[in-house]
Amino acid sequence: MSTVRVRFAPSPTGYLHVGGARTALFNWLFARHHKGVFVLRIEDTDLARSTEQATQVILDALEYLGLDWDEGPNKDGDYGPYYQSQRLDIYKEYANKLMDLGRAYECYCTPEELDERRKEQIKAGFPTRYDQKCSELTDEEKAAFRAEGRVPTVRFKAEGDGETIVPDLIRGNVRFENTQVDDFVIFKSDGMPTYNFAVVVDDALMKITHVIRGEDHLSNTPKQIQIYQALGFDVPIFAHIPMILGSDKSLLSKRHGATSVMQFSEEGYMATAMVNYLSLLGWGYDDSQTIFSVPELIEKFSLERVSKNPAVFDLQKLEWMNGIYIRDLSLEEFYDIAVPFWQKAGFYPEEPNTEEKEYALRILAEIQNRIKFLVDVIDFAKYFFTDDYEYNEQVVESILDKPGIEDILEYIYDALESVPEFTEEHIKPLFKEGLEKFDVKMGGLIQPIRVALTGSNISPGIYDVLELLGKERVLDRIKRTLILMKERG
RNA sequence: GCCCCCAUCGUCUAGCGGCCUAGGACACCGCCCUUUCACGGCGAAGGCACCGGUUCAAAUCCGGUUGGGGGUACCA
């Protein structure tokens with residue numbers, strides 16, 4: 001069998017959203033699994049909405065996910081160019097060919113006229129289709145329309161009767177009555193081809209063997225198949241993958257919160273988690289496995305196991321998975337990820353020395369299974385690096401603003417000041433004494449210290465915090481907290 | 001309006017006629033661990049949309065109903 005060639009063909013009208021990313025992923029996995037070729041093609045024929053900037057954003061997102069393409073932007077291949085806007089001559093050539101074959105004709109109807117006739121069809125209960133008003137125009141009639149200032153579109157002359165069958169790897173043979181397929185526009189009056197035409201010419205010329213795309217394209221596929229056939233192209237194998245929905249089961253959109261892949265990146269999701277989660281949206285391997293490495297996905301992915309029904313995007317599961325991947329990081333890997341966040345936040349040196357790195361690694365070991373998102377490395381580590389951290393007001397109120405807390409802190413201060421070695425081994429006995437002295441439970445003693453040292457009621461184990469911070473900073477912070485409490489009254 | 005697709009716990013899914021008193025994961029609830037927050041461990045609850053067929057036997061096959069999604073553009 002010949003080499004598998006698949007493509008991802010986004011239109012650069014915004015960011016790369018979750019649905020597009022999943023489509024790209026499935027194509028990429030399929031290509032890598034079959035040692036085939038993954039083509040990236042930019043469908044920028046919508047002049048009004050496409051931007052160069054959006055193209056770059058999409059490339060960035062694919063890069064973040066690790067989905068590299070073999071042919072496409074910045075990666076020349078034998079079937080370029082890979083921007084549709086640079087392939088106009090090609091589309092014109094094939095449109096002309098269709099006209100020569102009698103399978104396409106100029107249409108001078110205006111959008112307004114078409115709209116009106118369409119409404120009448122709906123009212124009468126007929127399928128909405130072009131009435132072929134312009135299909136037999138004489139040269140004189142065309143000239144007359146042009147004299148009126150009308151600019152024609154080009155329409156494909158669709159099959160009159162019979163049916164068109166879409167062979168789909170996921171859904172089987174899907175049949176469409178040809179009466180449902182009308183003479184649709186293949187060239188707009190602005191000189192650009194329409195999607196349904198350009199996609200066929202490109203997929204055919206780029207020798208795409210498998211078209212893997214969202215189910216929203218299924219209904220348009222008979223149109224495309226008719227063009228393949230009219231032009232004598234081989235029809236590729238189709239695989240329409242299920243849609244991704246929001247929690248209310250409507251199509252996933254901005255209404256449902258973050259849907260941009262890069263936004264997830266900024267919020268601290270790991271690309272590996274993202275890829276793993278996305279792979280499970282409409283695909284599953286067996287009844288027990290949910291965590292897959294990328295090589296594993298490549299090995300195990302198959303279109304046969306893609307499900308037919310739409311999948312709801314479950315943020316909670318993604319979050320859980322992100323945690324799995326964060327905890328799976330080696331300390332060195334975790335360090336490499338955390339440092340840029342810390343540097344950006346301004347409390348970690350640009351060129352840390354060995355000692356500083358050792359210290360950082362100890363902190364990371366403590367926070368690794370506590371954070372949910374990568375950005376959390378900032379808040380969870382900040383007080384280990386700087387005295388300039390916030391006291392959480394609510395926490396201060398509920399823990400420090402209570403009678404007797406000052407006495408406890410003063411006792412702890414004295415106790416810690418006298419401790420010979422600042423380690424859990426030596427500190428613990430002193431705390432035990434405090435328990436009896438103040439008749440409190442461990443929490444009653446430790447929580448006030450925690451707040452004094454971190455500004456928060458959430459932190460690693462208190463002995464770890466004490467050892468990490470060291471005697472001097474611990475005493476300073478307790479003293480500082482006592483002053484703060486006096487000010488508050 | 002017309003056409004197409006889909007239908008197993010709240011969510012993602014396993015199941016491709018008997019192994020199913022339907023399995024796993026997330027979420028939820030309870031318990032354990034515990035100085036907080038997490039991590040971790042254990043356990044509970046929760047589903048084959050409905051109605052007809054076919055069959056000795058149906059979550060699995062067929063038809064219908066209902067529900068959801070998509071398409072129907074000079075968007076892609």
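In the text below, chain A, chain B and the rest are named by the order of the sequence lines, each starting its count at 1.
OP1 or OP2 of B:A76 lies within a sub-4.0 Å distance of a side-chain N or O belonging to A:T45. For B:C75, the OP1/OP2 oxygens have a side-chain nitrogen or oxygen of A:K188 closer than 4.0 Å. Distances shorter than 4.0 Å separate some side-chain N or O of A:N220 from OP1 or OP2 on B:U72. Contact between the side-chain N/O atoms of A:R49 and the OP1/OP2 oxygens of B:A76 is not found at any separation under 4.0 Å. The side chain of A:S219 places no N or O atom within less than 4.0 Å of a non-bridging phosphate oxygen (OP1 or OP2) of B:U72. The phosphate of B:G1 (OP1 or OP2) has no side-chain N or O of A:R129 nearer than 4.0 angstrom. For B:A76, neither phosphate oxygen OP1 nor OP2 lies less than 4.0 angstrom from any side-chain nitrogen or oxygen of A:R213.
For the side chain to side chain contact (heavy atoms under 4.5 Å, CB included) test with A:W28, the passing option among A:V275, A:L67, A:L62, A:I212 is A:L67; the others fail.
A:D46 comes within 4.0 angstrom of sugar-phosphate atoms only, judged by non-hydrogen atoms across all strands, and of no base. Counting any heavy atom pair closer than 4.0 Å across all strands shown, A:P222 reaches no nucleic acid atom. Contact annotation for A:G282: backbone-only contact, meaning every heavy-atom pair under 4.0 Å involves sugar-phosphate atoms and none involves a base. Residue-level contact check: A:S11 touches the backbone only, with heavy atoms under 4.0 Å from sugar-phosphate atoms and none from bases. In this structure, A:N309 reaches the sugar-phosphate backbone alone: every heavy-atom distance under 4.0 Å involves primed, P, OP1 or OP2 atoms, never a base.
Rounded to whole angstrom, the span from the NZ atom of A:K382 across to the P atom of B:C37 amounts to 23 Å. Atom CZ of A:F184 and atom C1' of B:C3 are 16 Å apart (whole Å).
With both pairing distances under 3.5 Å, B:A7 is matched to B:U66 as a Watson-Crick or G-U wobble pair. Across all strands shown, B:G18 forms a Watson-Crick or G-U wobble pair, both distances under 3.5 Å, with B:C56. The nucleotide B:C2 finds its pairing partner in B:G71, both defining distances of the Watson-Crick or G-U wobble pair being shorter than 3.5 Å. Taking a pair to require two hydrogen-bonding distances under 3.5 Å in either a Watson-Crick or a G-U wobble arrangement, B:U36 remains unpaired. When Watson-Crick and G-U wobble pairs are counted only if both distances are under 3.5 Å, B:G30 pairs with B:C42.
Side chain of A:Q180 to main chain of A:E177: no donor-acceptor pair is present (N/O by atom type, distance under 3.5 Å, no hydrogens or angles).
For the pair A:R155 and A:F184, the cation does not sit on the ring face, since its NZ or CZ is not both under 6.0 Å from the ring centre and inside 45° of the axis. Both tests pass for A:R22 against the ring of A:F26: distance under 6.0 Å to the centre and angle within 45° of the axis.
Position along RNA chain B of the nearest nucleotide to A:T290 versus A:D248 favours A:T290 as the more 5'-ward residue.
Checking A:R118 against A:T128 by side-chain atom types alone, no donor-acceptor pair falls below 3.5 Å.
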